[in-house]
Amino acid sequence: MDLNAAQLEAVKTLSGPLLVLAGAGTGKTQVVTHRIAELIRHRTPPGRILAVTFTNKAAKEMQQRAAARLGRRLKEKPEISTFHSLSVRILRRHIRQLGYPTAFTIYDRADQQSVARSVLREIKVADAVIRPADLINQIGRWKTASIRPRQAAAIAETDKEHLAAVAYRRYQNALKAVGAVDFDDLLLCTEELFRRFPKIRRQEAGRFDHLLIDEYQDTNGSQYRIVKALAAGHRNLCVVGDDDQSIYGWRGAEVTHILGFKKDWPDAKIIRLEVNYRSTREIIAWANRLIAFNKLRHVKVLRTTVRGEKPRILQLQDETTEAETVVGEISARIRTKRRRPRDFAILCRTNEQPRAFEMELRRAKIPYVLFGGMSFFDRKEVRDVLAYLKLLANPRDEVSLLRVINTPPRGIGQTTVARLTQFAVAQARPVWDILPGAAKHGGIAPAATDAIKQFQSLIAAYRKRAKSEPLARLVAELIHQIGYRNELARLYPNPNDQESRWASVEELINAVGSYAASAQRPTLLGFLQEATITSRDDDRQRESQLEHNAVALMTLHSAKGLEFPEVYLVGMEEGLLPHKRSIADGSDVDEERRLCYVGVTRAQRRLTLTLALSRRKWGKPRPTQPSRFLYEITGQADNPNYKAAGKPKKSRSRKRIARPPG
DNA sequence: GACTCGAGTCCCGCC
DNA sequence: GACTCGAGTC
């Protein structure tokens, strides 16, 4: 594709701060890859270029595109990664400065949950008062705002906030005690490292001469400060993003970062990309009309030339009819319009919605791939094996220890485990450390004592071997020795279940193998760190399926950055989109509107919005209201932003989408 | 103390 | 519909 004037300017502006405000489908990715190529053509050593993307998938894609543009001649590659993998790499070098062991474990959401649960139990807070998931979200918000436990306690107002602050302190201590960091800590620690040790900041920043940040609208506080710290010296910072697509406010992303870029970098050049190469005029018209309802934004109006059919709104009876209708249409269009399954996407607001569509797709025998939801690394059997590996890498990892100490059952029952944790808490030592002397503490049956001894020497033996032996073989042997296959057989009498579970275990062993083959200095911990930060979107199986040919079934959040010829945006109802939690929280309907905007702008040729007049919720069918966005997008609602500017009023009629009588 | 039973609550999104 | 929690029962 030839670049237009604006794109060309963005590619050729090689020094100084630059903000590229790129609307949806305006060739943002091309600009970034062309720019990397241009920098290298102007004799920037590739290794001195750092590009940061939002997901690992995006990073991988950009790596491929950059490689394609540059040819394979380069010895060095530009560094293209996410904030999280960048942080892991920095922390591997310096985390000791912050009082952590160099061998740090990364806790994912499930690990966080179990820490949160035990913390809440310790301070005797019932689930009804603070749910573990809510506590984690709250801690996450504090962390991305750089608020430490002590400050959290100081600013807490309600009883609930005070409790959460207490839990936060204990949670953080628990993590630190076992040498674990969570996702937010990765960024927070990096930020802290740069703040407290200017020499380290200079050293890390000095590794690059050019910094590119993609999806800048979704940077949170920590990321924002890391970017500043890395770019302060050379000032060659290019950020690319679209404030209209900022959809991660709930995890600390702030649109103000992109809106206020010029304030941080007064000499910044701003380039707008507004020519859309993706969608038809009709789709863009709807997108423009919808997003104009948001108040706080850089005004952009997407332009495009391709004409197509008008987007449609389908009102269906309930969620089953919705799924039947959508899948029926897809099926018909594959037969009669020579479309392929991969040309379609069904986009949902929540992870629960796809269920009905999955059933229909299966019935219609249309291949599909479900994104989000349960990932490979969420499966019980995978988590079990991973917990063993985590324990080998770091025996103080309490969450993993407690998970595997009696999996498969080896005679260390609940009572014994409870006693062990009591001893450990009483002595303020990790459970692992008190295992050898467990017998002395009394209250533990002789049989259990033996089992503990055996378990302990098993882990110790493999721990030793992990330092020298090939990892994949070691893991396979460990799984064999603990009799995990028999355990699966015991738990899942159905041979199909058994087979598929065992297949995941084997896939995990393969993953260890391919990691060991590709890493420079493979270690168990390295594998685990990588697996944790790439688990969600690095699912090779899904990728290949999609490439192969399947309907994409996913949430709006995971659809960011993707495009499809035909898009079904389903569940256009009040409470779902906008989601009821965002309505209840007050202000954040604008983010829901951006989410809807992201969905609409994924469509290249054909867009269908659907709503169900009744939807089953918690077992019972309940009547629904059409989403306010439907009125806005079709011009049936007043836009207060236009009214202020004296634009003509739109029709106020709501009849076109109103519920039919009866 | 173990049990049943009904009421009340619940899962939004993810690197 | 699935789960938890507390009151009530044995």
Side-chain angles (χ1 to χ4, degrees), chain A residues 52-60 81-88 106-113 117 120-121 125-134 136-137 140-141 143-144 181-188 190 214-215 218-223 226 245-253 319 347-355 371-375 377-378 529-539 554-561 571 573-585 588-589 591-596 598-599 615-622 627:
Chain A
V52 181
T53 60
F54 196 70
T55 64
N56 293 289
K57 198 164 109 202
K60 207 183 282 171
S81 66
T82 62
F83 274 109
H84 287 93
S85 26
L86 177 71
S87 299
V88 169
I106 305 170
Y107 272 7
D108 67 9
R109 206 173 161 80
D111 298 325
Q112 288 181 277
Q113 291 245 11
R117 208 166 292 132
L120 289 173
R121 210 176 302 136
V125 174
D127 268 21
V129 181
I130 303 177
R131 281 178 300 145
D134 288 341
I136 290 169
N137 287 339
R141 278 195 296 276
K143 284 187 177 179
T144 45
V181 294
D182 63 24
F183 276 73
D184 298 315
D185 285 334
L186 289 173
L187 304 173
L188 200 60
T190 304
D214 196 11
E215 308 284 10
D218 284 321
T219 49
N220 66 28
S222 302
Q223 291 164 336
I226 291 171
Q245 293 186 62
S246 171
I247 55 175
Y248 283 97
W250 52 275
R251 54 170 227 220
E319 76 279 0
L347 307 182
C348 315
R349 175 66 178 86
T350 70
N351 272 319
E352 178 212 25
Q353 283 169 270
R355 232 170 279 173
F371 285 79
M374 187 86 137
S375 99
F377 289 89
D378 290 333
Q529 290 175 342
E530 217 124 289
T532 310
I533 56 171
T534 60
S535 65
R536 280 274 160 199
D537 52 11
D538 193 35
D539 215 309
M554 59 175 87
T555 62
L556 289 164
H557 283 91
S558 39
K560 191 172 75 161
E573 297 142 34
E574 282 294 297
L576 207 49
L577 186 67
H579 196 272
K580 75 166 190 299
R581 296 273 282 242
S582 68
I583 302 171
D585 293 352
D588 244 11
V589 174
E591 181 154 314
E592 297 289 304
R593 193 176 284 108
R594 291 193 290 269
L595 205 44
C596 184
V598 167
R615 185 173 292 275
R616 280 190 104 75
K617 191 122 207 233
W618 300 319
K620 284 194 189 73
R622 286 153 212 265
S627 166

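Bear in mind the structure is a predicted one, so any value in this text is a computation, not a measurement. Each chain gets a letter, A, B and so on, in the order its sequence line appears, and its residues count up from 1.
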### Task
With sequence neighbours excluded, tell me which residues meet side chain to side chain contact (heavy atoms under 4.5 Å, CB included) with A:S558.
A:F371, A:M554, A:T555
### Task
Would you say whether A:H84 stacks on B:dC15? The test is a distance between ring centres of less than 5.5 Å and an angle between planes of less than 30°.
no
### Query
Within the stacking criterion (centroid distance below 5.5 Å, interplanar angle below 30°), does A:W250 stack on B:dG13?
yes
#### Entry: Reported CG-to-CG distance for the pair A:L347 and A:L556, which is rounded to 0.5 angstrom
5.5 Å
How many Å lie between [atom1] on [X] and [atom2] on [N], as a whole number?
{"X": "A:R581", "N": "B:dG13", "atom1": "CZ", "atom2": "P", "result": "10 Å"}
{"X": "A:Q529", "N": "B:dC15", "atom1": "CD", "atom2": "P", "result": "19 Å"}
{"X": "A:I533", "N": "B:dC15", "atom1": "CD1", "atom2": "P", "result": "12 Å"}
{"X": "A:K57", "N": "B:dC14", "atom1": "NZ", "atom2": "P", "result": "12 Å"}
{"X": "A:I136", "N": "B:dC11", "atom1": "CD1", "atom2": "P", "result": "13 Å"}
{"X": "A:R109", "N": "B:dC14", "atom1": "CZ", "atom2": "P", "result": "10 Å"}
{"X": "A:F371", "N": "B:dC15", "atom1": "CZ", "atom2": "P", "result": "11 Å"}
{"X": "A:F54", "N": "B:dC14", "atom1": "CZ", "atom2": "C1'", "result": "8 Å"}

### Along DNA chain B (nearest heavy atom to each residue), the more 5'-positioned of A:Y248 and A:A133
A:A133
Listed partners of [X] passing side-chain hydrogen bond (donor to acceptor under 3.5 Å, both in side chains), at least two apart:
{"X": "A:R622", "answer": "none"}
{"X": "A:R349", "answer": "A:E592"}
{"X": "A:H557", "answer": "A:W250"}
{"X": "A:Q353", "answer": "A:T350"}

### Query
Distance between the C1' atoms of C:dC3 and B:dG13, in whole angstroms?
23 Å
### Message
If you compare every side-chain N and O of A:N351 against the phosphate oxygens of B:dG13 (OP1, OP2), does one of them come in below 4.0 Å?
### Response
yes
### Query
Are OP1 or OP2 of B:dC14 and a side-chain N or O of A:T555 less than 4.0 angstrom apart?
yes
### Task
Have a look at A:F83 and say if it touches a base, only the backbone sugar-phosphate, or nothing, with a 4.0 Å heavy-atom cut-off.
nothing
### Query
With a 4.0 Å cut-off on heavy atoms, is A:R355 in touch with a base, just the backbone sugar-phosphate, or nothing at all?
base
### Query
Does A:Q223 offer a backbone N or O that forms a donor-acceptor pair with the side chain of A:N220 under 3.5 Å?
yes
### Query
What nucleotide, of B:dC10, B:dG13, B:dC15, holds the atom closest to the side chain of A:R131?
B:dC10
Between the protein and nucleotides 1-4 of chain C, are there any N/O to N/O pairs under 3.5 Å, and if so, what are the atom names and distances?
residue: C:dG1; atom: N7; partner: A:W618; partner atom: O; Å: 2.9
residue: C:dG1; atom: O6; partner: A:W618; partner atom: O; Å: 3.4

